[in-house]
Structures are given as C-alpha cells and as structure tokens.
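Please read all numbers here as calculations on a predicted model, not as lab measurements. Chain identifiers are assigned alphabetically (A, B, ...) following the order of the sequence lines, protein sequences preceding nucleic acid strands; residue numbering begins at 1 within each chain.
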Protein chains: 2
Amino acid sequence: MNPTIHDVARQANVSISTVSRVVNQPLAVRKEKRDRVLQAIEQLGYEPNPFASGLRDRATKTIAAMIPDITNPFYAELFRGIEDIAREQKNNVIICNTDQDEARFLEYMSYFKKKKIDGLIFVSAAVTDAHHATFAELQVPVVLAATDGERFGLPYVKVNDYAAASDAASFLIKNGHRSIGVISGPADDPIAGIPRLAGFRDALAAYGLPHGANAVAYGTYDFDSGYEAMRKLYGTMPELTAVFAASDAMALGAMAFLQRRGMEVPRQISIIGFDNISLSRMVTPALTTVAQPVYEIGKQAAAMLFRRIGNPQDEAQSLVLGHEIVVRDTVWNRN
Amino acid sequence: MNPTIHDVARQANVSISTVSRVVNQPLAVRKEKRDRVLQAIEQLGYEPNPFASGLRDRATKTIAAMIPDITNPFYAELFRGIEDIAREQKNNVIICNTDQDEARFLEYMSYFKKKKIDGLIFVSAAVTDAHHATFAELQVPVVLAATDGERFGLPYVKVNDYAAASDAASFLIKNGHRSIGVISGPADDPIAGIPRLAGFRDALAAYGLPHGANAVAYGTYDFDSGYEAMRKLYGTMPELTAVFAASDAMALGAMAFLQRRGMEVPRQISIIGFDNISLSRMVTPALTTVAQPVYEIGKQAAAMLFRRIGNPQDEAQSLVLGHEIVVRDTVWNRN
DNA sequence: TTGTAGGCGTTATCAA
DNA sequence: TTGATAACGCCTACAA
C-alpha cells in the first residue's frame with residue numbers, strides 16, 4: 001500500500017488540506033508547517049494517487065502520440081523525442097499506431113474521450129476535416145508533428161518541405177546532373193507529397209531545366225513502392241542520371257531495383273533521399289539524403305504540447321526546423 | 001461530461017448497483033431489467049470511468065514495456081506485438097527506453113512503484129539479481145520477452161538461440177562452406193551472446209570442423225560494431241568464405257565493410273545474420289538470416305502477462321517459439 | 001434479485 | 001493560515 005495524503009498529514013501533524021496545499025500551492029502555507037510536511041512527504045515517499053486526482057477531474061499526466069506505425073524507423077525516432085520530453089515532465093505517453101486507418105483513429109479518439117488525456121500529438125498524416133472535428137471534441141491541446149496545421153490553425157513542428165526539396169534539386173544540379181527523375185509521394189498528399197515535388201520542380205525550372213510528367217513516378221514512401229516507382233521511371237526515361245526520392249525508404253527501394261538490375265549506383269545513376277533514417281548510412285553505397293531533424297521534431301512538439309497544457313491560453317508558435325543535406329556516397333559528381 | 005452510472009440508472013429506472021452488476025456480472029440480473037439497462041447504456045454511450053474504478057480496485061489497466069530502445073527496429077517490432085495485444089485488452093502500455101542504463105532502469109521502477117502498473121514486460125536484456133529483486137518489490141506479474149528467466153523462475157517467451165545458431169551453421173556447411181567466421185555478441189551475454197556462439201561452434205564441431213578462437217570477433221549487436229568486427233576478422237583470417245553474425249545489424253555492418261573494401265558478397269564471402277529485421281531485405285544483396293518471430297514474441301509475452309494479471313496463481317508456462325532460416329541472397333552455394 | 005451506503009485518495013469550498 | 005467536508009464515479013458488502 002502506498003502512503004496517502006492522510007499518512008503524510010498524520011506524520012506531519014497537520015490536516016490533509018494542508019498537505020494538499022503544500023503539494024499544489026506551496027506558497028500558501030506557513031514555512032514552518034510546509035517544511036514539516038515536505039519532510040514527511042520525503043520520508044514516506046508520498047506521491048499523489050493519479051487516479052484520485054484524475055477522478056477529481058484534474059490532470060492525468062498522460063499524453064497520447066498518434067503515429068502511423070512505430071515499426072517505421074522514421075516514426076520511431078520521432079516518437080523517441082516525444083517520449084524523452086514526456087519523461088522529463090513525468091508524464092506517460094500512450095502510443096497509438098493508427099496504421100493510417102480511419103476506423104482505428106476514431107476508436108482511439110473515442111477511447112481518449114473517456115479515458116482522458118492531457119494532450120495529443122498527431123504525427124505525420126495530413127489533417128482532414130474529420131480529424132479536426134474530432135480534435136475539437138477532445139477539449140485538450142493538440143500539437144502536430146511533421147505535418148501541417150496552417151489550415152486549421154493547429155500548431156505544428158515541421159520542416160520546410162518545399163525548400164528542402166528545392167535544395168535537393170540544387171545539389172543534384174551543382175553536381176552536374178541535368179536529366180533527373182523524381183519518385184514522389186502520393187500526388188494528393190499535401191504534406192510530403194505535393195510540396196516536395198513542387199519544390200523540386202520549381203528549383204529545376206529556376207535553372208532552366210524542364211521537367212516533364214514522365215520524369216515523375218509516385219509511391220507511398222515505403223521500400224516496395226520505391227522499387228516499383230524506379231522500375232517505371234527507368235522504363236520511360238533510361239537516360240536519367242539522377243533520382244530524387246521523397247523518402248529514404250523509397251530511395252532504398254529505388255537503389256535496390258537498380259543494383260539488382262546490375263546498374264551501378266552512383267556511377268550510372270545517382271540517388272538522393274529524404275529523411276535521413278538510420279538505415280541510410282548502413283547500405284552500400286551509403287545514401288546521400290536530405291536530413292530532417294526527426295528526433296528534434298518530436299522533442300519540440302512535445303515541449304510545445306506541455307507548454308500549452310500548462311498554459312491553455314498560450315498561443316503556441318508553430319516551428320519550422322532546419323534541414324540539411326547529408327552527403328554520403330550515392331550522388332556522383334559529373335563535373 | 002460523460003454519462004455516469006447514475007445517468008444510466010435513472011434512464012433505466014433501476015439503482016446504480018444494478019447497472020454496475022449488468023456491467024460486471026450480467027448473469028446476476030433478471031433478464032428484463034438487464035435489457036433495460038443495456039439499452040440505456042447503449043443510448044447514452046456509457047462507459048465506466050477508469051479513474052473511478054482505478055481508484056477503487058487499484059487496477060490501472062496499464063502495463064509497462066521495458067525495452068532498450070524503441071528506435072531499434074527489432075524492439076520496435078516486438079513492441080508492436082505487445083501493443084496490439086494490449087489494445088485488444090483495452091490496456092495502455094507505457095514504454096520505457098532504458099538505453100541499457102541501470103540508473104534509468106531504476107528510475108522507471110521506482111516510478112512504477114508509485115504510479116502503479118498492472119504488469120511488466122521486460123525485453124531482451126539479461127536479467128540480473130538486481131533486476132530480479134526490483135521486480136519482486138513491484139508486486140505485479142512480470143514476463144520476459146526475448147530473454148531467459150530460467151534462473152529466477154520468471155516466465156519468458158523466446159527462441160532457442162542455441163538451436164537457431166546451430167541451424168545457421170548447418171546451412172552454411174550444406175552450402176559448401178568450411179572456413180567460417182563468427183561475429184558474436186558480447187562474450188558475457190548469457191542471452192544472445194553465449195548460446196548463439198556455442199550453438200554455432202558445436203554444430204561446426206559435429207561436422208568435424210575445428211573452430212579456433214581467432215575465427216571469432218565480438219560486437220555489441222549494432223551496425224558499427226559489426227563493421228569493426230568484420231575488419232578484425234578479415235585481418236586475421238582472410239581465407240574465410242562465410243561469416244555468421246549474431247544480429248542482422250552486425251551482419252549489415254560486416255557487409256558494408258566488405259563491400260566498401262571492394263569485396264563481393266556473397267561470391268567472395270557469404271554472410272548470414274540473425275533476427276530478420278525489416279532492413280535485411282532492403283539491402284543489396286538481400287540478407288540471408290535466421291528469423292526470429294519478433295512480432296509474435298511480443299504478442300505472446302503480452303498475452304501471457306494478461307493471463308497472469310487476470311489470474312495471479314496461474315503458473316505461466318514459458319514459451320519457446322520456432323525460428324527459421326530465411327534464404328535470400330548473401331549465402332553462396334559453393335557445391 | 002435488488003437497493004443502500006461506505007470508502008477508494010484528492011482537491012476545492014467554506015468556515016473558523 | 002488552517003481544517004473539516006463534500007464531491008468525483010465506481011464497486012461491493014450488507015440489508016431488505
């Protein structure tokens with residue numbers, strides 16, 4: 001049995017209300033008594049029972065992180081950032097693998113309405129009207145990580161995808177590439193699909209390089225779709241010297257396709273990815289990629305959430321974190 | 001505000017105890033009333049407030065999973081198994097990244113003593129006396145996943161590492177290899193270090209193949225240590241035709257070393273790994289490996305934990321799950 | 001078979 | 001500044 005507020009009160013020879021005050025608003029208690037209580041708390045190792053406070057409708061010291069799939073290294077690392085901050089704040093984080101499934105999402109959300117959480121971090125998927133409506137019902141702060149909330153006025157932490165993709169294009173061009181293919185995310189994905197493709201194309205255009213529709217193949221960010229996309233791309237444009245993939249997993253897929261076809265990467269075809277997941281340095285040749293500060297995104301999103309939980313009026317300022325190109329071995333310098 | 005048991009009672013025109021009974025032991029209520037209550041529950045969308053029941057019965061509907069690092073794909077997948085079962089059981093799971101750090105482990109444990117959890121799954125690390133003592137203090141069921149509990153009588157779910165390593169050896173031998181190196185886990189790791197090395201060596205011996213100490217290098221299961229180990233191994237025994245690595249990450253590291261040295265895998269040197277993490281199929285050539293049913297290990301461990309939570313006297317039967325060799329492209333047939 | 005009442009540990013209100 | 005007390009929602013003796 002854990003010590004309760006009564007045990008502390010008895011030990012310190014005060015009433016339970018005083019103990020409660022010491023815990024919640026220490027300034028309202030005369031120093032002498034406060035010290036006695038503090039000492040008793042220390043001695044007994046007292047900590048408020050979260051269920052009792054929860055019942056009283058106070059904080060649950062629990063936040064939820066809604067992510068597509070923890071098995072995906074990108075999300076795993078982002079989640080790690082969230083978790084580390086939550087731990088610092090002595091909060092628990094409930095992990096929700098949505099598998100991008102609407103039903104599953106709703107199931108979790110209705111669960112949270114009952115169970116009560118203090119806040120929610122929604123990761124990576126595009127926010128729909130349905131999502132937004134459900135968030136509102138929750139009545140707790142919501143922060144977005146690695147996805148955009150502009151449209152709904154939701155605070156977010158992400159990277160500038162457009163600019164990052166644009167930088168990838170510049171990098172390829174500076175390395176002498178002119179005939180460049182793109183493996184994009186879904187054409188209707190407003191987060192990592194549209195902006196990355198647009199950023200890349202616009203940069204090409206700025207260099208006076210036309211970029212036709214046949215130089216793009218679409219995937220779903222995973223290895224297999226990258227493999228497939230590369231097959232298509234190579235089928236229609238064998239003259240390509242470089243490919244930009246909107247995710248590292250797709251880049252790896254593309255690379256696998258090429259290598260298994262006996263093509264040499266990067267000598268014959270260069271590849272640049274996006275994300276900088278841990279695997280990217282493990283393959284050979286090691287993948288050159290646009291790095292997102294994934295872990296940091298998780299951390300900042302969590303920090304922002306706790307700030308808002310602590311102070312609900314706080315108009316959270318969304319954050320756009322920097323990206324950088326990690327140069328490894330998959331881009332050939334043709335100059 | 002969510003509907004409470006009182007709302008349901010009023011709506012169904014019965015007392016709150018009747019409602020409570022309908023929820024907890026439906027058989028004890030006359031069918032007629034039961035139906036009325038059920039209907040009211042349905043109508044109002046009533047669900048018991050977990051804080052209230054938690055306060056009363058001190059069941060938290062929360063388990064903890066203690067893993068080294070969620071960022072590691074092997075653990076991520078195992079964790080996914082745990083989480084899926086927990087969700088089925090309407091439980092939350094708190095994730096604990098120990099980073100193999102003793103202090104961190106203790107911090108979590110003392111936290112749980114306060115916060116209360118219904119059970120704990122301890123993943124992968126060897127159980128020490130200190131661990132065991134701490135588990136006992138917790139007073140809740142503990143189940144081990146991917147590690148051994150024989151010594152302390154703790155129930156576990158794992159694979160037969162000795163046999164699996166032995167199979168790896170046979171596989172290499174059947175493919176005509178005679179000069180084989182091993183990248184082992186730490187020499188003092190009783191879980192995945194000692195048994196895998198022993199199983200491998202014994203199998204070699206059974207085929208009449210001597211296996212000297214210089215044919216072994218030790219790593220710590222991660223990519224970099226595999227890379228390093230391969231460098232050493234190759235330095236002392238350049239005549240090797242095959243290498244067994246005690247983890248896929250190390251296998252990938254070894255492969256990277258060889259490829260970056262211009263060696264051809266598998267033509268010149270074959271490699272077989274252990275785990276079958278998702279990355280292993282993404283590299284080229286795709287890694288041949290001994291597959292552990294990781295996800296299943298997580299699921300079974302969680303299922304076992306809930307069984308024990310439900311019935312504490314239940315003498316949980318430890319589980320040894322099957323392994324299999326997943327043949328891909330890194331082992332050359334020399335016959 | 002059903003209902004009443006007490007208690008789980010906290011916090012907030014109100015009096016002292 | 002402090003203390004007594006009433007909720008919060010649920011479960012389960014115990015009484016009817």
- line: Applying side-chain hydrogen bond (donor to acceptor under 3.5 Å, both in side chains) to R307(B) and not counting sequence neighbours gives none
- prompt: Among all residues two or more places apart in sequence or in another chain, which pass the salt bridge (charged side-chain N to carboxylate O under 4.0 Å, His left out) test with D188(A)?
  reply: none
- prompt: Is the F152(B) to F135(B) ring centre distance short of 6.0 Å?
  reply: no
- prompt: For every nucleotide of nucleotides 10-16 of chain D, 5' to 3': is a protein heavy atom under 4.0 Å from its base (B), only from its sugar-phosphate (S), or from neither (-)?
  reply: BBBB---
- request: Round to the nearest Å and state the distance from R30(A) atom CZ to dG3(D) atom C1'.
  value: 14 Å
message: Test of understanding: with salt bridge (charged side-chain N to carboxylate O under 4.0 Å, His left out), list the residues that count as partners of D57(B), not counting sequence neighbours.
response: none
task: Please state how far atom CG in L44(A) lies from atom P in dG9(C), giving the value in whole angstrom units.
output: 14 Å
message: Based on the rotation axes of five pairs at each end, what angle does the helix from dT1(C)-dA16(D) to dA16(C)-dT1(D) bend through, to 10°?
response: 50°
query: Looking at S15(B), does any N or O in its side chain come under 4.0 Å of the phosphate oxygens OP1/OP2 on dT4(C)?
result: no
D35(B) CG to dT1(C) P, straight-line distance once rounded to whole Å: 15 Å
message: As a quick check of understanding, evaluate side chain to side chain contact (heavy atoms under 4.5 Å, CB included) for V93(A) and I63(A), giving each step before the final call.
response: CA-CA 5 Å; V93(A) 19; I63(A) 64 170; 3.8 Å; yes
query: Under 4.0 Å between a side-chain N/O of K61(A) and OP1 or OP2 of dT10(C), yes or no?
result: no
field: Spacing of L55(A) atom CG relative to dG7(C) atom P, expressed in whole Å
entry: 16 Å
query: Can you name the residues that form a ring pair (Phe, Tyr, Trp, His ring centres under 6.0 Å) with F306(B), not counting sequence neighbours?
result: none
field: Whole angstrom value for the distance that separates C1' of dT2(D) from NZ of K31(A)
entry: 18 Å
task: Answer yes or no: is there a donor N or O on one side and an acceptor on the other, between the side chain of D189(A) and the main chain of I191(A), under 3.5 Å?
output: yes
task: Could you tell me the separation between the CD atom of E77(A) and the CD1 atom of I70(A), rounded to the nearest 0.5 Å?
output: 10.5 Å
